[in-house]
Protein chains: 2
Amino acid sequence: MLDEPDSGIARWRRIADDLKRAIADGTIRDRAPAESELAERYGVNRHTVRRALSVLNAEGLLRTERGKGTFVNPQAPRLSYPITARTRFSENLARQARSPAGRLIRADRVAADGPLSAALGCRPGAPLHRLETLHVADGVPLSVATCHFSAERFPGIVAAYAETGSITEALKREGCADYRRRETRISAGRISPSDAEHFGLGPDAIILLAVAIDVDLENRPIQAIRTRFAADRMELLVETGSEPS
Amino acid sequence: MLDEPDSGIARWRRIADDLKRAIADGTIRDRAPAESELAERYGVNRHTVRRALSVLNAEGLLRTERGKGTFVNPQAPRLSYPITARTRFSENLARQARSPAGRLIRADRVAADGPLSAALGCRPGAPLHRLETLHVADGVPLSVATCHFSAERFPGIVAAYAETGSITEALKREGCADYRRRETRISAGRISPSDAEHFGLGPDAIILLAVAIDVDLENRPIQAIRTRFAADRMELLVETGSEPS
DNA sequence: ACGAATTTGTGCGTATGTATT
DNA sequence: TAATACATACGCACAAATTCG
């Protein structure tokens, strides 16, 4: 099928393109054939198939699980995450997705290191609550966030979040009526192994990284957030329409 | 060196980590040893070294050129690119870098397709100027942008940009005194082969993708821009400090 | 509960092609 | 032209995780 012309293009690349097409038109739906079968079908070595699969894996089209097989990632249209002074996860996605939800993955206490103490305006070594939260919409994991709060100022933040599933609500219970986003720094990189598991993505998936600082109404830093978005499921939207200069 | 304990971690991963360390502490500087030599040094097959190198390549630490060798990418600290209503490349970087410059890579005319005509508020099929520009600071390529302008409204934009090297100046000559950014959509993905060449990065490098729309003072769309940033050289900064709500 | 079959992950050795020096 | 260096591809073997009878 792919062996007639000496096209000058690597076989793994042609196979990758062919698999992409097969996924797009539904020939490959839920689960991809085993590597060994694809190798036989294309008349190539299994390594060559694996090279092709790794491309689709990195692009988020496929997810490979050792011992189980290779599966097609459900591809929803990319959701928009607006970044404004009032950036909140649940409000942001309430209109685009059906069931946004935040779940606590992990919570512990750490000491503020240099960058963190600078961001939060506390002394180095100050005790912090660290929350790791997973955000899901329509059953699809969209982002994982690591938040840092002053343990002195918000002693009960962990329990409050665990109950409410919302940072905004948890902060209200801790006496912070409102807050806003001061800045967001956006970069991109490869996913970490633990995040890959949470997202159900392969180890070469790409994430959007947003590092942000929220402040209270007196402009004092409340939390430092490090959010990882699955790059093929989300985009960040910055609207600068009304700003004068 | 790496073969004593059966650490349960793949050899290519350990080699990748070791190479990273060697790059960080300057043991490997300008150019990396040939794959065959690394293989011999680590006592592994060349394939195993290549697997390790591909990781560093994807992270932008190395750049591999066929027939020539593997080279260490100069790693400047990541520059910040503020996104505001007045986003302009040269102003943005003037304070952080020494010699920002824009160069025209390619210019041609295309017909507006669906998304483009919607973004620019013109009829589908309308003639557009398409400019591809490369932006460099301190000799390091930071971004490649593809801009679309109405060919009817800005007939001489290409020549004007070629002369001035600045979109802002070129628009002034074409009768558009000022403009501002309406929105920016940020996502991430793998680099394209042609961009990889412009950036001097490997084929698995990661880019930040910013798709933006600029409008004139009457809020009419002027240009649609698709900027690709080398993710390991730039971060985007969104400041939402003053916004009321 | 347990072993066999399946499936992916890692690694070696070899060979050949292609670009650069 | 020859030597060097990276790119692709095959085949083999075994490890590790999962599935299934």
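Source: prediction; values computed, not measured. To find a chain, count down the sequence lines: A is the first, B the second, and so on, and within it residues start at 1.
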Compare side-chain N and O positions of B/Arg50 against OP1 and OP2 of D/dC6 and report whether any pair is under 4.0 Å apart.
no

SB check A/Arg185 A/Glu183 (cutoff 4.0 Å):
yes

Between A/Pro33 and B/Thr48, just flag the one whose closest nucleotide in DNA chain C comes earlier from the 5' side.
A/Pro33

With sequence neighbours left out, the residues meeting side chain to side chain donor-acceptor pair (under 3.5 Å) with B/Thr227 are none

Taking CD from A/Glu35 and C1' from C/dT7, how many angstroms apart are they, rounded to a whole number?
7 Å

Quick check on C/dT20: is either OP1 or OP2 less than 4.0 Å from any side-chain nitrogen or oxygen of B/Arg66?
no

Side-chain N or O of B/Thr70 versus OP1/OP2 of D/dC6: is the shortest distance under 4.0 Å?
yes

Hey, are B/Arg13 and B/Asp17 close enough for a salt bridge, meaning a charged N less than 4.0 Å from a carboxylate O?
no

At less than 4.0 Å, is any side-chain N or O atom of A/Ser36 found next to OP1 or OP2 of C/dT8? Yes or no.
no

Verify, without hydrogens or angle tests, whether B/Arg190 (side chain) and A/Val55 (backbone) share a donor-acceptor contact under 3.5 angstrom.
no

May I have the distance from B/Ile9 (atom CD1) to C/dG11 (atom P), rounded to whole angstrom?
11 Å

Round to the nearest Å and state the distance from B/Glu37 atom CD to D/dC6 atom C1'.
15 Å

Protein-nucleotide distance (B/Arg11, atom CZ; D/dC14, atom P), rounded to Å
16 Å

Could you write out each protein N or O paired with an N or O of nucleotides 13-15 of chain C at a distance under 3.5 Å?
unit_1: C/dG13; atom_1: N7; unit_2: B/Asn45; atom_2: ND2; d: 3.4
unit_1: C/dG13; atom_1: O6; unit_2: B/His47; atom_2: NE2; d: 2.9
unit_1: C/dT14; atom_1: O4; unit_2: B/His47; atom_2: NE2; d: 3.1

Quick check for you: to the nearest 0.5 Å, what is the distance between A/Leu53 atom CG and A/Leu38 atom CG?
6.0 Å

Between P of D/dC6 and NZ of B/Lys68, the distance in whole Å:
12 Å

Within this structure, what is the CG-to-P distance between A/Leu62 and C/dT8, rounded to whole angstrom?
11 Å

Does any donor atom in the side chain of A/Arg31 or A/Thr70 lie under 3.5 Å from an acceptor atom in the other side chain?
no

Spacing of B/Arg51 atom CZ relative to D/dC6 atom P, expressed in whole Å
18 Å

Does a salt bridge link B/Glu132 with B/Arg228, judged by any charged N lying under 4.0 Å from a carboxylate O?
yes

Separation of C/dT21 P from B/Phe71 CZ (nearest whole Å):
8 Å

